[in-house]
Amino acid sequence: MTSLYAKELEVAQLAVQRAARLTKRVFHEKAKGTVSKDDKSPVTIGDFGAQALIIAALQHHFPADEIVAEEEAAQLRTDAPLREQIWDLVSTTQLDDVAAEGFLGGRIPGADAMLDLIDRGNSPGGARGRIWAIDPIDGTKGFLRGGQYAVCLALMVDGDVKVGVLGCPNLPVDDAAPLTADIGANQTDEGRGVLFSAVVGQGATSRPLGTGALAEGKKISMKPITEMSSATFCESVESGHSNQSDSAQIAQKLNITNPSVRMDSQAKYGSIARGAGDIYLRLPTSKTYQEKIWDHAAGDLIVREAGGQVTDTTGSRLDFSRGRTLAANKGVVAAPAAVHGQVLKVVQEVLGL
Ligand SMILES: Nc1ncnc2c1ncn2[C@@H]1O[C@H](COP(=O)(O)O)[C@@H](O)[C@H]1OP(=O)(O)O
Ligand SMILES: [Mg+2]
Ligand SMILES: [Mg+2]
Ligand SMILES: [Mg+2]
C-alpha cells in the first residue's frame with residue numbers, strides 16, 4: 001500500500017529540488033537582478049523563476065489545487081527585459097534525470113505562460129480544501145549575501161499542514177555538522193545542500209539536495225535537551241524580523257550561555273528538526289506585522305514530525321486557516337516537545353504576556 005500523500009510528497013520534493021537548482025544558478029552565474037517590492041523588501045530573478053517552476057509542477061499534477069505564493073507577476077508584465085531574463089533561466093533549468101524531469105511535466109511553453117503560472121499563486125488561502133503555500137526563496141537577504149535561504153513548499157488540507165518540504169542549498173548535508181551562522185559568499189558548494197521533508201503522522205526526513213532523482217532519505221529527530229543551560233537558540237539575522245534583545249533576556253533566564261546562532265530563513269526550522277540547534281524563537285518586533293503562511297508552513301510540520309512543539313508566543317498552535325497570513329498568531333516558539341512548556345513560560349515572563 002502506498003502511504004498517504006506519497007504522490008504529493010514526491011512532486012513537492014522534486015519541484016523544490018528543481019527550483020533550488022535555479023536559485024543556485026542565479027547565485028553563481030547571474031547578476032542577481034534585484035528589484036525592490038512595494039514594501040522595500042528585495043526580490044530577485046531567482047524568486048520569480050523558482051516560483052514559476054514550482055507552480056508548473058503543481059499545475060501538472062494537481063490542477064484543481066489552490067496556491068498561496070509570495071510573488072506576483074505584475075512587474076514582469078511591464079518590464080520586458082526583466083521578464084526575458086527570468087524566462088531565459090526558467091526555460092533552461094531542468095532536473096538532470098530525464099524521468100524525474102518528465103514526471104514534473106517538462107517545460108513551460110513560453111514567457112506568457114510563465115507569468116500566468118506565477119500569478120496562479122494568488123489564492124486568498126483559508127480553511128477549506130487543498131492549498132499549497134510557496135516561498136520560492138525564503139531569506140532573500142541571506143541568499144544575496146551568500147548565507148542561508150530556503151525554497152519552501154507545503155500542502156495544507158482544510159487549514160492543516162499535511163506535507164512540508166524545505167530545500168536548503170547552503171546548509172551542510174551532514175545532519176550532525178555543528179550549527180554555524182552564515183557560510184559566507186566565498187565558500188564552495190562542496191558538502192552543502194539539504195532537502196528536509198515531512199508528511200503528517202509519518203515523521204521527518206533529510207536527504208542531500210540533488211540535481212536529478214531524489215537521494216535516499218533518513219529520519220531526523222530533535223535532540224533531547226537534558227540540560228537547558230547547554231541549549232542553543234536559533235534566530236533571525238535581521239533584528240527587524242525578531243527581537244534579539246528579548247531573546248538574549250530569555251536565554252539568560254534559562255541560564256543558556258551559548259551564543260544564539262543567527263541564520264536567515266526556514267533553515268532554522270530544519271536545523272532544530274535535525275538536532276543541530278535546539279530552540280527557534282521568533283519574537284515580534286512590531287504590533288502590526290502578521291507572519292506569512294509561506295514563511296512557516298513547511299517548517300512547522302517538519303519540526304513537529306521530528307518531535308518538536310511549535311506555538312506562537314501566546315502558546316497557540318500556528319493557525320494556517322486564516323488566509324495568507326498567520327493573522328491569529330504572534331511570533332513563534334519552536335522547541336523539543338518535552339521542554340516547550342518551560343521555554344514558553346520564560347518567553348511569556350520576558351514579553352510580559
Ligand atoms: N517585521 C517582520 N517581522 C517578521 N518577519 C518579517 C518582517 N518583515 C519581513 N519578514 C519576513 O521574514 C522572513 C525572513 O525571515 P528570517 O528573518 O527568519 O530570515 C522573510 O520572508 C520576510 O518577509 P519578506 O519576504 O517580505 O522579506
Ligand atoms: Mg520576500
Ligand atoms: Mg520568506
Ligand atoms: Mg521569499
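When a ligand or atom number is given, it counts from 1 through the structure's own listing order. Worth knowing before you read on, the calculation uses all heavy atoms, side chains too, and leaves out hydrogens, waters and symmetry mates.
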Side-chain atoms of residues 210-221: list all donor-acceptor pairs with protein atoms under 3.5 Å, sequence neighbours left out, distances to 0.1 Å.
residue	atom	partner	partner atom	Å
Thr211	OG1	Asp96	OD1	3.4
Thr211	OG1	Asp96	OD2	2.8
Lys219	NZ	Gln202	O	2.7

What verdict does the salt bridge (charged side-chain N to carboxylate O under 4.0 Å, His left out) test give for Arg145 and Asp264, after you've listed the backbone C-alpha separation in whole Å, the side-chain angles of each residue and the deciding distance to 0.1 Å? CA-CA 10 Å; Arg145 64 169 107 77; Asp264 297 281; 2.3 Å; yes
Could you name each residue pair satisfying salt bridge (charged side-chain N to carboxylate O under 4.0 Å, His left out) that touches residues 3-14, not counting sequence neighbours? Glu8-Arg130
Is it true that Arg77 and Asp119 make a salt bridge, defined as a side-chain N closer than 4.0 Å to a carboxylate O? yes
Do you know how many protein N, O or S atoms are within a distance smaller than 2.8 Å of the Mg ion (ligand 3)? 3
Listed pairs under 3.5 Å, donor-acceptor, residues 334-347 side chains, sequence neighbours left out:
residue	atom	partner	partner atom	Å
His340	NE2	Thr311	OG1	3.1
His340	NE2	Val333	O	3.1
Lys345	NZ	Glu349	OE2	3.3

Would you please classify the geometry between the His61 ring and the Phe103 ring as parallel, tilted or perpendicular, with 30° and 60° separating the classes? tilted
